[in-house]
Amino acid sequence: MANIHIPPTIDLSGTWTDPAARKAVAAQIRKVASEEGYFYVTGHQVPDTAVNGILSQIKHFFEDQPQEVKNTLRGKFGFGYESVGYTSAEGDRETKEAFNFGYEEAIDASADNRPVVKKEDGTVAQFVKNAWPEEKDLPGFFEAMRSYYSGVFDLTMHLVKLYALSLDLPEDAFEHLTTRRQLSGRLMYYPPAKNPKPLDPNERANEVGMGAHSDYQVITVNNTSTGGLEVLTNEGRWVSVPNKEGALIVNGGDFLSRCTNDLYKSPVHRVCNRSGTECRTSIPIFFTFNYDDEIGVRPCAFLLLNETDLEQVFPHMCSEKNPARYPPVSTAEYIVVCC
Ligand SMILES: O=C(O)CCC(=O)C(=O)O
Ligand SMILES: [Fe+2]
């Protein structure tokens, strides 16, 4: 069907142990990242039990918790529970409920194995305190969260290496930009459509789960219970991206585009649950580089042409024929401008 689009699948199986496999996969990433900007990933090492476990916990969270309990789970800066319409790219037409969370050591099972900047008291700097549901209200939720998030954290750090290789950089080129653990995410719930309609590739959807947008971070790893993800093609048509058994979906974000001088794409996407009977759950997790400048964060290192050392590390992202399109900016400044 013309309205369904199956993006490439990149199998990471060999890349965890074999440097030659990493190089080969990096070339595949370069191709897809610069063409469509999103792909299925298999061989990701996130256990099936974790992938499926969190999706069913999300359903319990949104369907079984009384509204008054969900309403109490709110943190600072928009973290925690979002009722329908709390944030929307489509005014009052969006149907999703969400729950936003940030990094914390308690959900990161292998925190000690990764480089990190610690505070003076030895703990990892956390942006917010997450407003998790209580164990008595949702038994097993926290463990499912921890198990899934930890797997995705390992996957993301691995992807960061592969993306560095894909840009002809050493695989540890971005490691110093990942020490603050900027990995946040959202639990998403899309109720069944009230008035289900098939996708019209040329039209704005009438009933939309989440409106058209691109992600503003570096890389998104998404896990969805069913189809419903729709992507705007380079020709301006909407296509539906089905779920693939055993695969997660990876897409580049706006900050990656900017850091690569627009070589890598950040696809515009939306979500429409087109089932009139089934809900849809998902958990997109967003990786971005360290927010702060204290450790010399240079997210746009590619663009710092006046810094000779960085120019040598990232020589190919801009040139006389392809001058830098954007001035340097830190992740934090960029987010303030975007949001
Ligand atoms: O629910 C999804 O599958 C995607 C959600 C999304 O695009 C987002 O939160 O940025
Ligand atoms: Fe998104």
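Start at 1 and go down the list; that is how both ligands and their atoms are numbered.
- Using a 4.0 Å cut-off between heavy atoms, Thr220 makes no contact with ligand 1 at all.
- In this structure, Phe287 has its ring center under 6.0 Å from that of Phe289.
- Comment: Arg237 does not engage Glu235 in a salt bridge, judged by the lack of any side-chain N to carboxylate O separation of less than 4.0 angstrom.
- Thr277 places none of its side-chain heavy atoms less than 4.5 Å from the side chain of Pro192.
- Atoms of ligand 1 lying under 4.0 Å from any heavy atom of Met188, numbered from 1 in the order shown and given with element: 1 (O).
- Taking distance alone, with nitrogen or oxygen atoms compared against 3.5 Å, Ser282 approaches ligand 1 more closely than that limit.
- The neighbour count for Glu171 CD, taken as heavy atoms of other residues, nucleotides or ligands under 6.0 Å away, is above 12.
- Counting atoms of ligand 1 from 1 in the listed order, those under 4.0 Å from a heavy atom of Phe286 are 8 (C), 9 (O), 10 (O).
- Within ligand 1, the atoms closer than 4.0 Å to a non-hydrogen atom of Asn222 are 2 (C), 3 (O), 4 (C), numbered from 1 in the order shown.
- Sorting the N, O or S atoms of Asp215 by how far they are from the Fe ion (ligand 2) puts OD1 first.
- Residue Pro284 approaches ligand 1 through these ligand atoms, each under 4.0 Å from one of its heavy atoms: 5 (C), 9 (O).
- For atom 6 (C) of ligand 1, the nearest non-hydrogen atom of the protein is Met210 SD, 3.5 Å.
- At the Fe ion (ligand 2), the angle from NE2 in His213 to NE2 in His269 is 90° when rounded to 10°.
- Close contacts of ligand 1 with His213, meaning ligand atoms under 4.0 Å from a residue heavy atom, involve 6 (C), 7 (O), 8 (C), 10 (O).
- Using a cutoff of 4.0 Å between basic side-chain nitrogens and carboxylate oxygens, Glu203 and Lys197 are not scored as salt-bridged.
- You'll find the ring centres of Tyr163 and Phe174 outside the 6.0 Å limit.
- Of all atoms in ligand 1, numbered sequentially from 1 with element shown, those under 4.0 Å from a heavy atom of Val271 are 1 (O), 2 (C), 3 (O), 4 (C).
- Set against the non-hydrogen atoms of Thr224, the atoms of ligand 1 under 4.0 Å away are 3 (O).
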Checking side chain to side chain contact (heavy atoms under 4.5 Å, CB included) for the pair His269/Leu232: CA distance, chi angles, key distance, verdict? CA-CA 6 Å; His269 54 282; Leu232 195 62; over 6 Å; no
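- If you chain together hydrophobic residues whose side chains sit under 4.5 Å apart, Tyr103 and Phe142 fall into the same group.
- Those atoms of ligand 1 with a heavy atom of Arg280 less than 4.0 angstrom away are 1 (O), 2 (C), 3 (O).
- If you check each of Arg270, His269, Arg186 against atom 7 (O) of ligand 1, the one with the closest non-hydrogen atom is His269.
- Shown here is Gln67, whose CD atom has more than 12 heavy atoms of other residues, nucleotides or ligands within 6.0 Å.
- Checking side-chain atoms of Arg274 against main-chain N and O of Ala193 turns up no donor-acceptor pair under 3.5 Å.
- Using 4.0 Å as the threshold, Lys96 has no heavy atom nearer than that to any atom of ligand 1.
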